[in-house]
Novice: 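Sharing a structure, written as C-alpha cells. Questions coming.
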Amino acid sequence: MRNQSIYLAVPSGELEVFVTGEALEMLRADGHLFQDGSSLVRHYRSFMAEIALEKYQQSEERSQVIVLKAADVSG
C-alpha cells in the first residue's frame with residue numbers, strides 16, 4: 001500500500017501527517033475491505049489525527065511533519 005498524507009491545523013500553522021504504507025496495511029488488517037490507502041485515510045482520519053497531535057505535542061522539536069508508522073496505529 002502506498003504512503004498517504006493528511007494535513008491538520010495546529011496553532012503554529014499546518015501539520016503534515018505522513019502515514020506509511022505499513023501503517024495503512026495494519027489498519028486494513030482490522031478486517032475492513034478498503035481497496036486503497038485513500039479510503040483508509042478517510043475512514044480513519046480522526047483516529048490518525050488524534051495520534052499525530054499527541055506525537056506533535058510530545059515532540060521537543062515541534063516538527064511540522066509527523067510520521068505515523070505501523071507501531072503507532074496498532075492496538
Side-chain angles (χ1 to χ4, degrees):
M1 193 156 280
R2 295 165 117 195
N3 301 330
Q4 299 286 321
S5 291
I6 59 175
Y7 297 88
L8 305 171
V10 292
S12 61
E14 191 171 63
L15 179 66
E16 179 180 7
V17 181
F18 184 79
V19 186
T20 66
E22 285 181 336
L24 293 169
E25 286 293 342
M26 180 71 71
L27 293 171
R28 189 162 82 170
D30 281 345
H32 297 286
L33 300 175
F34 295 106
Q35 297 300 314
D36 59 29
S38 297
S39 297
L40 276 165
V41 167
R42 281 192 300 276
H43 183 77
Y44 286 105
R45 182 177 172 78
S46 62
F47 172 69
M48 289 185 277
E50 184 177 314
I51 294 169
L53 287 173
E54 185 176 311
K55 284 184 79 167
Y56 174 75
Q57 291 167 346
Q58 292 175 355
S59 170
E60 292 181 18
E61 297 175 13
R62 296 292 172 137
S63 172
Q64 292 303 109
V65 177
I66 298 294
V67 178
L68 294 184
K69 300 175 184 173
D72 296 317
V73 299
S74 67

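We number each residue from 1, following the sequence as shown.
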Novice: With a 4.5 Å heavy-atom cut-off, do E22 and V73 have their side chains touching?
Specialist: no
Novice: E16 and S5: which non-hydrogen atoms are nearest, and at how many Å?
Specialist: OE2-OG, 3.1 Å
Novice: Determine whether I66 and L8 fall in the same hydrophobic cluster, where Ile, Leu, Val, Met, Phe, Trp and Tyr are linked whenever their side-chain heavy atoms lie under 4.5 Å apart.
Specialist: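 Yes: a chain of side-chain contacts under 4.5 Å links I66 to L8.
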Novice: If you define the side chain from C-beta out and look only at heavy atoms, does anything of M1 sit under 4.5 Å from L40?
Specialist: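 Yes - at least one pair of side-chain heavy atoms lies under 4.5 Å apart.
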Novice: For residues 47-57, dump all side-chain donor-acceptor pairs below 3.5 Å to protein atoms at least two apart in sequence or in another chain.
Specialist:
residue, atom, partner, partner atom, Å
K55, NZ, V67, O, 2.7
K55, NZ, D72, OD2, 3.0
Y56, OH, S12, OG, 3.0

Novice: For a quick test of reading the model, state the closest non-hydrogen atom pair linking M26 to A70 and the distance between them.
Specialist: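 Closest heavy-atom pair between M26 and A70: CE-CB, 4.0 Å.
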Novice: Do I6 and L15 share a hydrophobic cluster, counting only Ile, Leu, Val, Met, Phe, Trp and Tyr and linking them when any side-chain heavy atoms are less than 4.5 Å apart?
Specialist: yes
Novice: So if I apply the side-chain contact (heavy atoms from CB on, under 4.5 Å) rule between L24 and each of N3, L68, V19, which one comes out positive?
Specialist: V19
